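Structure record follows, encoded as structure tokens.
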Amino acid sequence: MNSIEEARHAANSACNLVVFSGAGLSAESGLATFRDKGEGLWSKYDPMELASVDGFDRDPELVLRWYEWRRQRHRSATPNAAHRAIARSGARNVTQNVDNLLERAGVVPEQISHLHGSIMSDRCHAECGWRCDIDLEECQVLRACPSCGARTRPSIVWFGESLPEDALTRAIEWCGEADCLLVVGTSGVVQPAASLVGMAKARGTVVIDVNPDANEHTGLADILVSATAANAIPEILSGIEKAPPK
Ligand code: OAD
């Protein structure tokens, strides 16, 4: 058996398959990853300037304009074969991605935990509770919270911030229940997200790692698939179809 066949067998044998994804899942949709050499966003931009509270406090306009640019990129991105195969499988998803390509492929929101928030909405920086979905066609954003007057910002987790409690709770529960964890397109360097993979592995979950390059999860994976998401995931998930709605 080659590694894709092994992975397909493990995924098809699982009672509770969970997909754990990172930026590599959306790379073949045209969205840059963060740490790939040359093309990764963090090799061109300083995360402490653009993705931290200190950076935002220093120059909010710069940060907001950068996210507007990223939203333009998201507007032209469409789900790739991996997103579509994941949607067909009906598996639960724990994702670090802030895009909505899994949802657009057909995964229902109840089946996704967005650990790092969403680029598709803004919220009040002072956390008064105001939140607003962003229409990518219009992309018009308010600079001041209509509720309390504080600055608005993307609903994304920045460096040094805590993960959304509801998303983290769901992710811990789902990874804890999984008997097979399909890890795809993540470097595994950002905590606490990455620790969920080790946690699942420690309780006996079969870990499949789909990534063209070595990463922090390579050493603990039971099955390593050295391929891109759009090439490998449809094959691995073939044969797994969610039950049609009753
Ligand atoms: P990274 O950019 O750190 O890692 C992307 C991974 O995807 C690398 O291991 C690549 O080898 C792999 N990869 C690249 N192309 C691929 C493809 N076509 N198919 C499969 N894998 C591919 O991205 P993340 O691990 O998601 O935080 O980064 C974690 C967090 O760091 C992100 O959520 C982001 C960032 O700062 C926030 O936005 C809050």
Side-chain angles (χ1 to χ4, degrees), residues 3-4 7 19-53 55-56 63 66-67 69-71 73-74 77 79-86 93-102 112-121 123 153-164 167-168 171 181-198 208-221 223-237:
S3 64
I4 291 205
V19 180
F20 180 90
S21 56
L25 173 62
S26 299
E28 285 152 291
S29 294
L31 296 179
T33 65
F34 295 93
R35 296 177 183 80
D36 278 299
K37 285 192 190 77
E39 290 308 306
L41 290 173
W42 296 154
S43 63
K44 296 179 184 161
Y45 306 99
D46 179 356
M48 290 309 135
E49 212 175 290
L50 298 167
S52 75
V53 172
F56 185 59
V63 174
W66 189 67
Y67 282 99
W69 169 77
R70 279 186 64 195
R71 281 174 174 150
R73 311 280 306 210
H74 283 65
N80 65 48
H83 296 107
R84 292 195 297 272
I86 292 168
N93 284 272
V94 174
T95 188
Q96 297 164 87
N97 295 348
V98 297
D99 64 54
N100 66 350
L101 294 177
L102 282 167
I112 308 184
S113 160
H114 275 283
L115 283 177
H116 291 163
S118 166
I119 201 166
M120 307 305 304
S121 69
R123 71 167 175 83
R153 54 167 281 183
S155 304
I156 285 183
V157 178
W158 285 334
F159 286 100
E161 292 188 307
S162 302
L163 270 48
L168 183 60
L181 191 64
L182 177 55
V183 179
V184 52
T186 178
S187 57
V189 299
V190 173
Q191 299 294 355
S195 67
L196 294 171
V197 179
I208 304 169
D209 185 27
V210 177
N211 198 314
D213 291 323
N215 62 84
E216 291 296 312
H217 300 309
T218 306
L220 58 72
I223 305 168
L224 270 179
V225 179
S226 181
T228 71
N231 279 324
I233 298 291
E235 281 199 60
I236 294 171
L237 295 179

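What you see below is based on every heavy atom in this structure, not just the backbone, and it leaves out hydrogens, waters and symmetry mates. As the structure lists them, so they are numbered: ligands from 1, and atoms in each ligand from 1. Since we're looking at a predicted model, the values are computed, not measured.
Nearest non-hydrogen protein atom to atom 36 (O) of ligand 1 is Trp42 NE1, 3.0 Å. Atom 4 (O) of ligand 1 has as its closest protein heavy atom Ser187 N, 3.3 Å. Looking at atom 33 (O) of ligand 1, its nearest protein heavy atom turns out to be His116 ND1, 2.7 Å.
Residue Val184 places no heavy atom under 4.0 Å from ligand 1. At least one heavy atom of Phe159 sits closer than 4.0 Å to an atom of ligand 1. Using 4.0 Å as the threshold, Gly40 has no heavy atom nearer than that to any atom of ligand 1. Close to ligand 1: Val157, with a non-hydrogen atom less than 4.0 angstrom away.
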Counting only pairs under 3.5 Å, give me each side-chain donor-acceptor contact of residues 224-233, with atom names and distances, residues two or more places apart or in other chains.
residue	atom	partner	partner atom	Å
Thr228	OG1	Glu28	OE2	2.7
Thr228	OG1	Asn231	N	3.4
Thr228	OG1	Asn231	ND2	3.1

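By the 3.5 Å distance cut-off applied to N or O atoms, Asn97 is not counted among the residues near ligand 1. Between Ala23 and ligand 1, at least one pair of N/O atoms sits closer than 3.5 Å. In terms of polar-atom proximity, Leu25 is not counted as a contact of ligand 1, lacking any N or O under 3.5 Å from an N or O of the ligand. Considering both main-chain and side-chain atoms, Phe34 comes within under 3.5 Å of ligand 1 through a nitrogen or oxygen pair. The shortest N or O to N or O distance between Thr228 and ligand 1 is not under 3.5 Å. Residue Ile156 has no N or O atom closer than 3.5 Å to an N or O atom of ligand 1.
For Trp158, no heavy-atom contact with ligand 1 is shorter than 4.0 Å. Only the side chain of Val190 comes within 4.0 Å of ligand 1, judged by heavy-atom distances.
Taking CZ from Arg123 and OG from Ser118, the interatomic distance works out to 12.0 Å, rounded to the nearest 0.5 Å.
Test Asn97, Asn100, Leu102, Val94 against Ile112 for side chain to side chain contact (heavy atoms under 4.5 Å, CB included) and you get one pass: Leu102. Of the candidates Val98, Leu50, Leu31, Arg70 forms a side chain to side chain contact (heavy atoms under 4.5 Å, CB included) with just one, namely Val98.
Ring centroid separation for the pair Trp66 and Phe56 does not come in under the 6.0 Å cut-off.
Taking every non-hydrogen atom of Gly22 and a distance limit under 4.0 Å, the qualifying atoms of ligand 1 come out as 26 (O).
The stretch residues 43-52 participates, sequence neighbours left out, in these salt bridge (Lys or Arg N to Asp or Glu O under 4.0 Å) pairs: Glu39-Lys44.
The closest heavy-atom contact to atom 8 (C) of ligand 1, among the options Asn211, Asn215, Thr33, Asp213, comes from Asn211.
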